[in-house]
**Q** 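Structure in structure tokens, see below.
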Protein chains: 4
Amino acid sequence: MTKKDVAGETPPPRAKRLPRAVRERQILDAAVRVFSERGYHPASMDEVSEVAGISKPMIYAYLGSKEELFAACIQRETTRMMEAIGGVVDVNLDPEEQLWRGVLAFFTFVGENRDSWQVLHRQAGTQGAPFAAELAEGRRRAIALISVLLDRAASKEGVGAFAEGQTEPLAAALTGAGEALAEWWLEHPDESPKAMARRLMNLSWMGFGNLVDGKAWHPEKQPEKA
Amino acid sequence: MTKKDVAGETPPPRAKRLPRAVRERQILDAAVRVFSERGYHPASMDEVSEVAGISKPMIYAYLGSKEELFAACIQRETTRMMEAIGGVVDVNLDPEEQLWRGVLAFFTFVGENRDSWQVLHRQAGTQGAPFAAELAEGRRRAIALISVLLDRAASKEGVGAFAEGQTEPLAAALTGAGEALAEWWLEHPDESPKAMARRLMNLSWMGFGNLVDGKAWHPEKQPEKA
Amino acid sequence: MTKKDVAGETPPPRAKRLPRAVRERQILDAAVRVFSERGYHPASMDEVSEVAGISKPMIYAYLGSKEELFAACIQRETTRMMEAIGGVVDVNLDPEEQLWRGVLAFFTFVGENRDSWQVLHRQAGTQGAPFAAELAEGRRRAIALISVLLDRAASKEGVGAFAEGQTEPLAAALTGAGEALAEWWLEHPDESPKAMARRLMNLSWMGFGNLVDGKAWHPEKQPEKA
Amino acid sequence: MTKKDVAGETPPPRAKRLPRAVRERQILDAAVRVFSERGYHPASMDEVSEVAGISKPMIYAYLGSKEELFAACIQRETTRMMEAIGGVVDVNLDPEEQLWRGVLAFFTFVGENRDSWQVLHRQAGTQGAPFAAELAEGRRRAIALISVLLDRAASKEGVGAFAEGQTEPLAAALTGAGEALAEWWLEHPDESPKAMARRLMNLSWMGFGNLVDGKAWHPEKQPEKA
DNA sequence: TATGAATGAGGGTTCATTCAT
DNA sequence: TATGAATGAACCCTCATTCAT
């Protein structure tokens, strides 16, 4: 941590030649950790290289500039999260059940990957920076996924799809609610992923109108899975 | 837009002497604009001073450091927004109507004060920074306001208050949904505040469960106002 | 102390028109205090004006730039000190007695005017700054005074004056010893001025006592090296 | 000398890559020179970097902040001087001879290392600054060394040690006399180190010579006043 | 390949000094 | 006369980025 460490520690032996893929993973892991702890601007390339145990020139050689490095983080983590969520969806299931599974998968992922999630969420509002493209793209993918679920649900229940242009903003709102709950979760870490997911279902599926009538949403009404 | 505009412009003449209060407002106005455009870190005091049409030393003399200046922005804008929303609440009204009014007031405010809102929203996820205290405080105030409404609604409808510890996370989720919708709105500026507010009511009051049944929320069910 | 004091204090009533001499004294008093506490560079004109209770433009109008203000401090305090010391000298007295009185007067002055002395001593080594002239001049005056005493003593005791060029460096050394003792005194404030003066006499007179007898120390008495 | 020399000089080519230890010495050398010429506050890191022929970031990387850099200078030069003086002391020698050697070594060092000495002496009176600790420590070391010599001398001559608490202030006075003589020397550079050392011995030893014989000076021998 | 060494550029902050009332 | 308001000019420090070994 200090600039001048006591001499005598075994200096990190000149890093072995490793295949490029491994190196890139090491760097990305470190970068995700640092960016998630500090945020984009306060994070320094020095710290990334320190955490990664790899010298800065290597980082530039492999992943490019700080911006590109950050974009790569966003992309990798977005993909991981989308896969975690997408993996539980099953087209044969009831839409409500699908939404529940997706929501539960989201909170499970967040619970197990705080860094991944924070690196995405912390920069949510950023615009103008060149990596905004990556952020927007990730968000779009998430919203698209949810939109599909919602539309499918609507059509199944008989009303047909939502009116033109209604699905997307609602999906965005749902995303926002999920993020806010995840943020709240950080300060209440004792809650289980399932409890968090249930809260989001209560809001999004039942609505306050039902809640104030005492009608809450319960997973037990549904066939559960792990 | 660029930091250094073409040279050759006549340098701004020594700013007229204005009373301190006026200058402080000018500075805060400029700061809100710059911070909302760039975000905290990329914003430079130079740009703030340029936009304010005043030299940097005055900013430091009146508002203190960059951090303090930013905190002052957050505080002022939070207060403005809370007053705009709190001003439409009337304890004699039906809770549903109150929520509707609050939500409508939120989107109306955001529509009319993009800068104010962005300077708050852009930094939403920031933690650890010294101004995080101000941000957290503002958020807490907002959530507290909503929580009161929800609890009042619940007790009026007969169920009594929500179970202990349920109100706050739901209020946070509602806030998040509102922010996400406001963000979406930036890319769809043709929507009216009322349309946005209706979307949030549809999600939060009705829930998807009703929506997919074709039961949507309409302000017409309620006595409207302006 | 703080930039923004609570309002409500009675603001210093627009300073009454005072004769120039009074104003200058107020300013110099404040300046001596501030310079002695902080040293030349760290002292700020803002603090001087605050302590003086007079606005900065007045200071510039009356005493000129920071440098000139400091020079004025040096001059005034040097003069005060020289007068305090010179006042006890009496040509009719024994030189040893004269030296004792002078030394005692020095420590008495320092004990009663810490600020005055520090503002002089703190900058002792400064060269190159424009006020160095004032500093050097003051020092020269002090050394000259002592040199006279020493030479008079020497001639009275029979040896005639010190050899050409010997008096001045010895006077300088005596001055340095006095300053160092005064510095030491700051950390041992319980000592009386008389005790301090005696210490300096022990070192200087008992030494000089032999010198004026013609008994000088010679390295030749010792096996030399180099 | 001026901060900005004539333009048009070819900019210094990227400094050759040198091992860290070498660069640190270069930087310290430059810093000592600049600090001794200007004093702590007026010295700028820019000038240090210019004189060192290296860019500012390297200075910060290797030696830390301006304060730390200055402290490092003080420490290195104090150590050099103490070693130069301490190196000539020999416990088997007569104390008087030891003092003579020490004093001569002091003036020899000062004569050969004007910068080193000035960087120490110039800041002598500084208090409160964070590097004051280093300065005080150096001075303490010097005074301690002299005190030991004096006490040893006194005990050898038969009187036993000086009365409790007398040694230190006398050692301080001797130090001050030495510094003042060295300062005077700057304006009379033709003098030899030996001549300077002899002057200090005349003042100090002939004085101490009597003191250690038990012959102290007492004001009671004189008609007192006040 | 891998890295210690090196820097251009810019940001936040302060201060002596002066205008305009 | 007296001052609140205003600023040009530096200064310390950091960081993303690259060179030379």
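Predicted, not measured: the structure shown is a model, and the values here were computed from it.
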**Q** Taking OP1 and OP2 of F:dC13, is either one under 4.0 Å from a side-chain nitrogen or oxygen of D:Tyr60?
**A**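 Yes, such a contact exists.
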**Q** Could you tell me the separation between the CD atom of B:Glu67 and the C1' atom of E:dT13, rounded to a whole number of Å?
**A** 13 Å
**Q** With a 4.0 Å cutoff (strictly under), does any side-chain N or O of C:Tyr62 reach OP1 or OP2 of F:dA2?
**A** yes
**Q** Categorize D:Met45 for me: base, sugar-phosphate, or nothing, with a 4.0 angstrom heavy-atom threshold over every strand shown.
**A** sugar-phosphate
**Q** If you assign each of B:Gly53 and D:Gly64 to its closest nucleotide in DNA chain F, which residue comes earlier from the 5' end?
**A** B:Gly53
**Q** Would you say E:dA2 has OP1 or OP2 under 4.0 Å from some side-chain N or O of A:Arg23?
**A** yes
**Q** Applying salt bridge (Lys or Arg N to Asp or Glu O under 4.0 Å), name anything that partners A:Glu77, two or more places apart in sequence or on another chain.
**A**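 In terms of salt bridge (Lys or Arg N to Asp or Glu O under 4.0 Å), with neighbours along the sequence ignored, A:Glu77 is linked to A:Arg80.
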**Q** Kindly express the pairing pattern of DNA chain F in dot-bracket notation, using | wherever a base pairs with another strand and counting only Watson-Crick or G-U pairs under 3.5 Å.
**A** .||||||||||||||||||||
**Q** Which residue, D:Ile74, D:Val34, D:Ile59, forms the side chain to side chain contact (heavy atoms under 4.5 Å, CB included) with D:Leu69?
**A** D:Ile59
**Q** Over how many whole Å does the gap from D:Ile59 atom CD1 to E:dG8 atom P extend?
**A** 13 Å
**Q** Assess the side chains of A:Ser65 and A:Glu68: does a donor N or O sit below 3.5 Å from an acceptor N or O?
**A** yes
**Q** Round to the nearest Å and state the distance from C:Glu68 atom CD to E:dA16 atom C1'.
**A** 13 Å
**Q** Stepwise, does the side chain to side chain contact (heavy atoms under 4.5 Å, CB included) test hold for C:Phe70 with C:Glu134?
**A** CA-CA 9 Å; C:Phe70 186 68; C:Glu134 260 73 24; over 6 Å; no
**Q** Ignoring hydrogens and geometry beyond distance, is the side chain of C:Lys66 in donor-acceptor contact with the base of E:dT17 at under 3.5 Å?
**A** no
**Q** Under the 3.5 Å rule, do the base of E:dT18 and the side chain of C:Lys56 count as making a donor-acceptor pair?
**A**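 There is none.
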**Q** Tell me the interatomic distance from B:Leu69, atom CG, to E:dT14, atom C1', rounded to whole angstroms.
**A** 17 Å
**Q** Please report the shortest heavy-atom distance between B:Arg38 and B:Ala43, naming the atom on each side.
**A** CB-N, 3.9 Å
**Q** Taking the cut-offs as 6.0 angstrom to the six-membered ring centre and 45 degrees off its axis, would you call A:Lys66 and A:Tyr40 a cation-pi pair?
**A**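 Yes, a cation-pi geometry holds between A:Lys66 and A:Tyr40.
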**Q** Could you pull out all residues at least two apart from C:Lys56 that satisfy salt bridge (Lys or Arg N to Asp or Glu O under 4.0 Å)?
**A**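 So C:Lys56 forms a salt bridge (Lys or Arg N to Asp or Glu O under 4.0 Å) with C:Asp46.
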**Q** Select from B:Pro57 and D:Met58 the residue whose nearest nucleotide in DNA chain E is closer to the 5' end of that strand.
**A**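 This one resolves to D:Met58.
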**Q** Just the rounded figure in Å: distance from C1' of F:dA2 to CZ of C:Arg20.
**A**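 Atom-to-atom, C:Arg20 to F:dA2, this comes out as 14 Å.
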**Q** Closest to the D:Ile54 side chain: F:dT3, E:dT7, F:dA5?
**A**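 Among the listed nucleotides, the one closest to the side chain of D:Ile54 is E:dT7.
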**Q** Between D:Leu18 and C:Ser44, which residue's closest nucleotide on DNA chain E lies nearer the 5′ terminus?
**A** D:Leu18
**Q** Nearest heavy-atom pair of B:Arg23 and B:Tyr62: which atoms, and what distance?
**A** CB-CE1, 3.6 Å
**Q** In whole angstroms, how far is the C1' atom of F:dA6 from the CG atom of B:Leu63?
**A**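 That distance rounds to 15 Å.
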**Q** Over how many whole Å does the gap from D:His41 atom NE2 to F:dC11 atom C1' extend?
**A** 11 Å
**Q** Measuring from the side chain of B:Ser55 (C-beta onward, heavy atoms only), which nucleotide among F:dT7, F:dT17, E:dG8 has the closest atom?
**A** F:dT7
**Q** Between atom CG in A:Asp46 and atom P in E:dT3, what is the gap in whole Å?
**A**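 To the nearest whole Å, that distance equals 14 Å.
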